[in-house]
A.B. asks: 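Sending over a structure as structure tokens; questions will come in a sec.
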Number of protein chains: 2
Amino acid sequence: MFSFVEENYLKAIYHLSDHGRKSVSTNSLAEEMQTTAASVSDMVAKLSKKKAVDYQKYKGVNVSGKGKEVALRVIRKHRLWEVFLVDKLKFHWDEVHEIAEQLEHIKSPLLISRLDEFLDFPKHDPHGDPIPDENGIFSTVKKVALTELELNTPAQVVAVNDSSSAFLKYLDKVGVSIGTKLKVEDTNEFDGSLDIIINQQKALTISQTAAQNILVANI
Amino acid sequence: MFSFVEENYLKAIYHLSDHGRKSVSTNSLAEEMQTTAASVSDMVAKLSKKKAVDYQKYKGVNVSGKGKEVALRVIRKHRLWEVFLVDKLKFHWDEVHEIAEQLEHIKSPLLISRLDEFLDFPKHDPHGDPIPDENGIFSTVKKVALTELELNTPAQVVAVNDSSSAFLKYLDKVGVSIGTKLKVEDTNEFDGSLDIIINQQKALTISQTAAQNILVANI
DNA sequence: TGTAGTGTTTAGATTCGTCTAAAAAAAATA
DNA sequence: TATTTTTTTTAGACGAATCTAAACACTACA
Ligand SMILES: [Mn+2]
Ligand SMILES: [Mn+2]
Ligand SMILES: [Mn+2]
Ligand SMILES: [Mn+2]
């Protein structure tokens with residue numbers, strides 16, 4: 001039905017549109033897909049003819065109902081495979097994305113439901129991102145960037161906004177991972193950095209940039 | 001280096017050439033690949049230019065050293081994934097081939113070595129076919145078709161020649177699987193059928209066709 | 001040994017996804 | 001509002017893999 005390449009476009013449109021909430025420009029999609037605006041124009045017209053996106057020339061593009069379904073199915077597979085790689089094959093959380101980019105395109109609904117079961121129906125991937133169920137529904141937990149957390153309120157790390165290897169390695173070094181309990185002790189006005197306490201013991205200061213990429217939930 | 005399609009051609013040539021022992025005709029390769037002789041001619045010329053096959057016009061084709069390496073790597077991945085599907089995801093041995101056809105093309109040497117370890121370094125896939133190691137070496141066990149087994153000699157089923165769903169379902173029905181111990185009690189001259197005893201108890205008669213597709217080794 | 005038949009290769013076209021260059025539309029700015 | 005700049009689309013081409021039709025090479029055998 002949809003090719004490897006079409007699936008990747010739909011996933012990118014879904015992400016850039018903030019889960020289908022706003023329309024996506026040709027240039028931003030070209031940057032995301034590491035290709036040219038001309039190629040994007042072509043592909044978007046093609047996806048529009050297949051009713052996978054809503055598109056008007058010069059007005060941007062967004063996923064249609066059908067396109068959203070496809071995107072969510074790919075995202076579900078991507079995240080389940082990442083859980084498999086980390087939980088079962090002992091990969092590190094900064095090594096799994098590229099392999100999951102390939103595995104997400106394997107076509108077999110039965111394979112995915114068996115994998116889901118084998119992994120014990122995980123609700124989140126190794127980076128804390130939610131895994132949609134077979135109907136595309138996310139289990140929603142209210143999460144907030146660490147920069148928004150109120151002072152001295154205990155919270156738990158539930159996800160990261162930046163899954164780059166560099167950032168994940170930094171988090172490892174300072175001892176932050178999914179599930180880590182922490183609170184913010186103080187904010188430093190002059191550069192936006194935060195003084196935090198990890199697991200009721202380790203104190204450290206992290207930059208505003210780092211804090212914006214750490215998502216937490218109240219406990 | 002090699003595309004999805006090129007990998008499939010190399011695998012097919014390797015199989016049709018009986019592990020590189022004899023050269024493969026354009027037509028037989030076209031049939032195996034479900035395509036036309038013209039397409040095969042094109043692809044074989046391309047693989048020849050890439051030094052993955054030895055090829056002279058009108059004289060047939062065979063894998064080169066490099067092509068054999070590629071084919072064996074794909075075969076290794078195919079069979080390891082089949083073991084994963086059966087042992088870990090509880091698939092039935094007649095359901096795994098199509099999915100493994102997709103998974104065999106995932107590119108990540110580390111993934112395969114981790115998978116191998118996770119599966120406890122299996123030497124055979126669910127159909128009894130040997131899994132080459134990372135250097136392309138098969139662990140060789142002398143196996144023989146059940147039709148060649150001497151009378152009243154105890155043996156063990158180690159592989160099947162026919163992995164079709166129909167044949168595997170038949171084997172399930174009569175209670176034969178990889179590892180089953182059996183011996184041949186008698187041969188019926190008029191139609192080549194065999195009277196066999198399974199696990200020292202169950203007696204049954206199987207056709208010559210079935211027996212030719214069951215491979216056994218002495219115990 | 002000439003010829004019919006089979007097997008194989010070449011020629012030319014098609015689809016998919018991509019590219020560069022140029023044209024057109026929209027947005028920004030003067 | 002008129003002009004410049006940016007964004008987007010169109011035009012035309014290309015490589016990969018495929019196809020059909022036609023030409024060519026090898027084989028069999030009369
Ligand atoms: Mn990922
Ligand atoms: Mn992808
Ligand atoms: Mn198989
Ligand atoms: Mn394949």
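No experiment lies behind these values; they were computed from the predicted model shown. A note on names: the letters A, B, ... follow the listed sequences, proteins ahead of strands, and every chain is numbered from 1.
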A.B. asks: Are A:W81 and A:V86 side-chain neighbours, meaning at least one heavy-atom pair lies under 4.5 Å?
C.D. replies: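 A:W81 does not reach A:V86 side chain to side chain.
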
A.B. asks: Any side-chain N or O of B:S39 under 4.0 Å from OP1/OP2 of D:dT18?
C.D. replies: no

A.B. asks: For residues 100-119 of chain A, run the donor-acceptor check on the side chains, cut-off 3.5 Å, and write out each pair with its distance to 0.1 Å, sequence neighbours left out.
C.D. replies:
| residue | atom | partner | partner atom | Å |
| --- | --- | --- | --- | --- |
| A:E101 | OE1 | A:K11 | NZ | 3.3 |
| A:E101 | OE2 | A:K11 | NZ | 2.9 |
| A:E101 | OE2 | A:H97 | NE2 | 3.3 |
| A:Q102 | OE1 | B:K107 | N | 2.6 |
| A:Q102 | NE2 | B:K107 | O | 2.9 |
| A:E104 | OE1 | A:K11 | NZ | 3.2 |
| A:E104 | OE1 | A:H78 | ND1 | 2.8 |
| A:E104 | OE2 | A:K11 | NZ | 3.2 |
| A:H105 | ND1 | A:E7 | OE1 | 2.7 |
| A:H105 | NE2 | A:N8 | OD1 | 2.9 |
| A:H105 | NE2 | A:E101 | O | 3.3 |
| A:K107 | NZ | A:E7 | OE2 | 3.2 |
| A:S108 | OG | A:L111 | N | 3.1 |
| A:S113 | OG | A:L110 | O | 3.1 |
| A:R114 | NH1 | B:L89 | O | 3.3 |
| A:R114 | NH1 | B:K90 | O | 3.1 |
| A:D116 | OD2 | A:R76 | NH2 | 3.2 |

A.B. asks: When the distance from NZ of A:K50 to P of C:dC16 is rounded to whole Å, what number comes out?
C.D. replies: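 One finds 8 Å between P of C:dC16 and NZ of A:K50, rounded.
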
A.B. asks: Is any side-chain nitrogen or oxygen of B:T35 closer than 4.0 Å to OP1 or OP2 of D:dT18?
C.D. replies: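 Answer no for this pair, as no side-chain N or O of B:T35 is under 4.0 Å from OP1 or OP2.
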
A.B. asks: So which heavy atom on B:I214 is nearest to which on B:F167, and how close?
C.D. replies: CG1-CZ, 3.9 Å

A.B. asks: Rounded to whole Å, please give me the gap between CE in B:M43 and P in C:dT8.
C.D. replies: 18 Å

A.B. asks: What is the distance from CD of A:Q56 to C1' of C:dA26, rounded to the nearest Å?
C.D. replies: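 Roughly 15 Å, once rounded to whole Å.
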
A.B. asks: Would you say A:Y55 places a side-chain N or O within less than 4.0 Å of OP1 or OP2 belonging to D:dT9?
C.D. replies: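 Indeed, a polar side-chain atom of A:Y55 lies that close.
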
A.B. asks: For A:L29 and D:dT7, what is the distance between atoms CG and P respectively, to the nearest whole Å?
C.D. replies: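 That distance rounds to 15 Å.
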
A.B. asks: Taking all non-hydrogen atoms of both residues into account, name the closest pair between B:I13 and B:L29 and its distance.
C.D. replies: CG1-CD2, 3.6 Å

A.B. asks: Return the residues of residues 1-11 of chain B meeting this criterion: a heavy atom under 4.0 Å from some atom of DNA chain D. Order them by number, or give none.
C.D. replies: B:S3, B:V5, B:Y9

A.B. asks: Please give me the minimum heavy-atom distance between B:F2 and B:E6, naming the atom from each residue.
C.D. replies: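 Closest approach of B:F2 to B:E6, heavy atoms only: CA-OE1, 3.2 Å.
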
A.B. asks: Where is the tightest heavy-atom contact between B:L10 and B:A71, given as atom of each residue plus distance?
C.D. replies: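 Looks like O-CB, 3.8 Å.
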
A.B. asks: Report the distance from atom OH of A:Y58 to atom P of D:dT9, rounded to the nearest whole Å.
C.D. replies: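 These atoms are roughly 6 Å apart.
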
A.B. asks: Between B:K57 and A:D42, which residue's closest nucleotide on DNA chain D lies nearer the 5′ terminus?
C.D. replies: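 Comparing both residues, the 5'-ward one is A:D42.
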
A.B. asks: Nearest to the side chain of A:T36 - D:dT9, D:dT18, C:dC19?
C.D. replies: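 The closest nucleotide is C:dC19.
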
A.B. asks: If you count heavy atoms of other groups shown closer than 6.0 angstrom to CD of A:E31, is the number above 12?
C.D. replies: no

A.B. asks: Side-chain N or O of B:T26 versus OP1/OP2 of C:dT9: is the shortest distance under 4.0 Å?
C.D. replies: yes

A.B. asks: Can you tell me if the side-chain N/O atoms of B:N27 get under 4.0 Å from OP1 or OP2 in C:dT6?
C.D. replies: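 The answer is no; no side-chain N or O of B:N27 sits under 4.0 Å from OP1 or OP2.
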
A.B. asks: Between A:K59 and B:V40, which has a closest nucleotide on DNA chain C that is more 5'?
C.D. replies: B:V40

